[in-house]
Amino acid sequence: MENSVMVVGIDDSSESFYALEWTLDRFFVPYQSKPPFKLIVLHAKPSPPSVMGLAGPGGIDVLPYVDSDLKRIALRVVEKAKELCAAKSVTEFEVEAVEGDPRNVLCEAVDKLHASILVVGSHGYGAIKRAVLGSVSDYCAHHAHCTVMIVKKPKTKH
């Protein structure tokens with residue numbers, strides 16, 4: 001029987017890498033020879049216009065710089081995900097970077113890949129910041145056609 005698919009959504013935050021590491025430790029490391037899921041790590045790369053929003057006059061001039069910056073971040077995120085998997089001796093996985101709003105990218109990937117589980121990290125935003133930014137994990141919990149696991153990074157004690 002073909003393995004079920006698990007999608008882990010990542011961005012360049014410590015919370016999303018914590019979620020990936022948490023997932024690897026619980027679902028992949030203990031089952032080195034035969035993990036219960038096929039792992040797809042997905043980075044949603046925002047499009048330059050969405051990041052710039054309403055940049056005003058002259059905004060079009062900085063578009064190429066914003067784009068190359070986003071590409072650099074996406075490369076770094078993908079590399080870090082690969083390194084994390086390698087460090088845990090997890091060899092069977094795919095890492096993809098897809099341009100678009102993370103909410104849509106993750107929900108569409110779940111449908112396309114027939115994923116059983118979607119894992120996302122929680123940024124732990126307060127109510128106001130979440131209302132303004134819109135929570136990706138909230139959105140996915142309500143719209144993804146699979147089980148959604150939201151991994152919260154423990155608060156560090158000072």
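We count residues from 1, following the sequence as given. In this text, all values refer to a predicted model and were calculated from it rather than measured experimentally.
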Below 4.5 Å, heavy atoms only, C-beta onward: do P36 and S4 meet side chain to side chain?
no

pair L42-V98: side-chain heavy atoms closer than 4.5 Å:
yes

Does one hydrophobic cluster hold both [X] and [Y], with members joined at side-chain heavy-atom distances below 4.5 Å?
{"X": "L20", "Y": "I150", "value": "no"}
{"X": "L24", "Y": "L118", "value": "no"}
{"X": "F17", "Y": "L106", "value": "no"}
{"X": "M6", "Y": "W22", "value": "yes"}
{"X": "V5", "Y": "V95", "value": "no"}

Between the side chains of K152 and E15, is the shortest nitrogen-to-carboxylate-oxygen separation below 4.0 Å, so that they form an ion pair?
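Looking at K152 together with E15, the answer is no, because their closest N to O distance does not fall below 4.0 Å.
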
Between R72 and D67, is there a side-chain N and carboxylate O pair less than 4.0 Å apart?
no

Please answer whether the main-chain N or O of [Y] pairs with a side-chain N or O of [X] as donor and acceptor at a distance below 3.5 Å.
{"X": "S16", "Y": "D11", "result": "yes"}
{"X": "H43", "Y": "I10", "result": "yes"}
{"X": "H114", "Y": "V110", "result": "no"}

Rounded to the nearest 0.5 Å, how far apart are CZ of R26 and CD of E21?
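So the gap between those two atoms works out to 9.5 Å.
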
If you round to the nearest 0.5 Å, how far is CE of M149 from OG of S137?
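Spacing of OG (S137) from CE (M149) equals 13.0 Å.
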
Distance alone, cut at 3.5 Å: any donor-acceptor contact between the side chains of K153 and S14?
yes

Parallel, tilted or perpendicular, judged at 30° and 60°: which one describes the rings of F28 and F37?
tilted

